Amino acid sequence: MQTQTDLHLETLAVHAGVSADPHTGAVMTPIYQTSTYAQEDVAVHKGYEYSRTDNPTRTALQMALAALEGGRYALAFASGMAAIDTVLRLIKPGEHVLSGNDVYGGTFRLFDKVLSAYGIAFSFVDTTDVTAVAAAMQPNTKLVWLETPTNPMLRISDIAAIAQIAHARGAWLGVDNTFASPALQRPLTLGADIVVHSTTKYIGGHSDVVGGAVVMQDTAVYERLKFLQNAIGAVPGPMDCFLTLRGIKTLALRMRQHSHNARQIAHFLADHPAVAAVIYPGLDDHPQYELAQRQMSAPGGMISFILHGGETAARQVARATNLFTLAESLGGVESLIELPAPMTHASVSDSPLAVDPGLVRLSVGIEHAPDLLADLAQALAQVS
Ligand code: P1T
């Protein structure tokens with residue numbers, strides 16, 4: 001009998017958490033669209049009493065997420081932000097969180113504009129610089145928080161090295177693995193304590209559901225977060241869990257195609273006369289190219305770039321593409337284009353984390369690469 005740890009990601013994506021329904025034989029996990037469960041006697045039940053606490057469709061999703069990340073436990077949430085907020089409830093007033101200085105705008109907003117009002121101290125450092133991370137640790141640092149690759153600058157941080165620094169000081173390392181997905185990078189296997197996802201993105205994969213997840217190894221951390229999940233109640237509905245589970249089945253295939261297409265587009269942009277700079281972890285001029293090669297199995301589907309024409313040209317290109325839809329979010333099968341400064345990262349505009357207003361971000365989908373290249377070529381021709 002194979003254990004789940006023997007299985008490869010392609011197999012786990014299809015099978016983890018899913019088994020035929022014992023009552024009907026249904027091969028796919030049913031959508032248990034129920035808020036409550038009949039009890040056999042007072043406080044005697046089959047493991048499910050109320051759907052904020054537990055729901056079988058959510059249980060299946062949580063088992064799949066744990067298996068994909070190589071973790072023992074996973075918890076699903078109503079959004080990526082709900083997942084991050086619940087993790088941060090591990091931190092008490094008077095404690096310190098050391099965060100990366102390039103994170104999703106909503107994450108910065110939660111840290112700086114919401115949680116800091118409750119007595120939690122935050123500092124923001126460049127986590128690509130391991131020495132800077134070590135220097136910024138404080139006696140009361142309880143959590144080191146980073147994204148790798150970051151949103152939107154696609155910087156790569158050394159998870160294993162930072163885990164060692166955090167652990168030496170008695171802190172946890174939390175990694176937001178949204179941009180890589182467990183198909184490309186598994187932070188728990190590199191020493192991280194907590195992995196978070198916006199499952200809205202690559203894990204769901206079809207831009208049809210908002211969700212979040214936390215995956216971890218430690219039983220005490222799990223039990224506290226499970227308590228908080230129920231106490232706070234930011235849980236996903238059964239239909240959302242079903243859609244996310246359905247998306248997971250093709251995660252490995254999709255990530256291969258996202259990376260395949262993005263590589264071609266990154267090279268095309270790097271050679272284009274209208275483009276001043278391309279940021280993609282799969283290009284050998286990326287500052288952490290070697291680390292990305294070591295830490296990730298492929299560079300992923302996200303590309304950021306700057307045009308010689310700056311913000312005006314960026315806005316023109318974002319309006320001119322046809323296959324790349326002008327929209328926030330990422331990680332779906334369809335290609336998207338956006339300007340982080342006025343869109344996804346508007347909430348950092350008046351902070352030290354502010355993004356270049358001319359930066360363009362692509363979420364490269366799984367379409368036929370030459371079609372995507374032709375669309376970008378015609379859009380860039382308008383600013384060349
Ligand atoms: O949108 P939500 O599911 O709540 O997830 C928040 C979140 C968390 N972490 C990262 C790295 C993210 O990119 C996001 C959401 N990001 C976008 C909506 C975006 O377009 O960048």
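All values reported here derive from a predicted model rather than from experimental measurement. Each ligand, and each atom within it, is numbered from 1 in the order the structure gives. For reference, positions follow the sequence shown, starting with 1.
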Between Glu290 and Arg294, does any side-chain N to carboxylate O distance fall below 4.0 Å? no
Checking heavy atoms under 4.0 Å, the part of Glu147 that sits near ligand 1 is side chain
Check your understanding: Is the His258 to Tyr202 ring centre distance short of 6.0 Å?
Key -> yes
- Message: Any carboxylate oxygen within less than 4.0 angstrom of a Lys/Arg side-chain nitrogen, looking at Glu40 and Lys46?
- Response: yes
Counting neighbours of CD on Glu311 that are heavy atoms of other residues, nucleotides or ligands and sit closer than 6.0 Å, is the number greater than 12? yes
Gly211 heavy atoms within 4.0 Å reach ligand 1 at atoms 3 (O)
Counting from 1 in the order shown, the ligand 1 atoms closer than 4.0 Å to a non-hydrogen atom of Ser79 are 3 (O), 4 (O)
Atom 4 (O) of ligand 1: closest protein heavy atom, distance to 0.1 Å, is Met81 N, 2.9 Å
### Pair Glu367-Ser335, side-chain donor/acceptor within less than 3.5 Å
yes
Under a 3.5 Å cutoff, is there a donor and acceptor pairing between the side chains of Tyr104 and Thr150? no
message = Centroid separation under 6.0 Å, is that true for the rings of Phe108 and Phe124?
response = yes
Can you tell whether the side chains of Lys201 and Asp176 come within less than 4.0 Å, N to carboxylate O?
no
Any heavy atom of Ser329 sitting closer than 4.0 Å to ligand 1? yes
- prompt: Are any of the N/O atoms in Ile84 less than 3.5 Å from those in ligand 1?
  reply: no
When distances are taken from atom 9 (N) of ligand 1, the protein heavy atom at minimum range is Asp176 OD2, 2.6 Å
Ranked by distance from atom 17 (C) of ligand 1, the top protein heavy atom is Tyr104 CE1, 3.4 Å
Logged contact type for Lys201 with ligand 1, heavy-atom cut-off 4.0 Å, is side chain
Any heavy atom of Arg361 under 4.0 Å from ligand 1? The part involved is side chain
Heavy-atom proximity to atom 13 (O) of ligand 1 ranks first, among Asn151, Thr200, Thr199, for Asn151
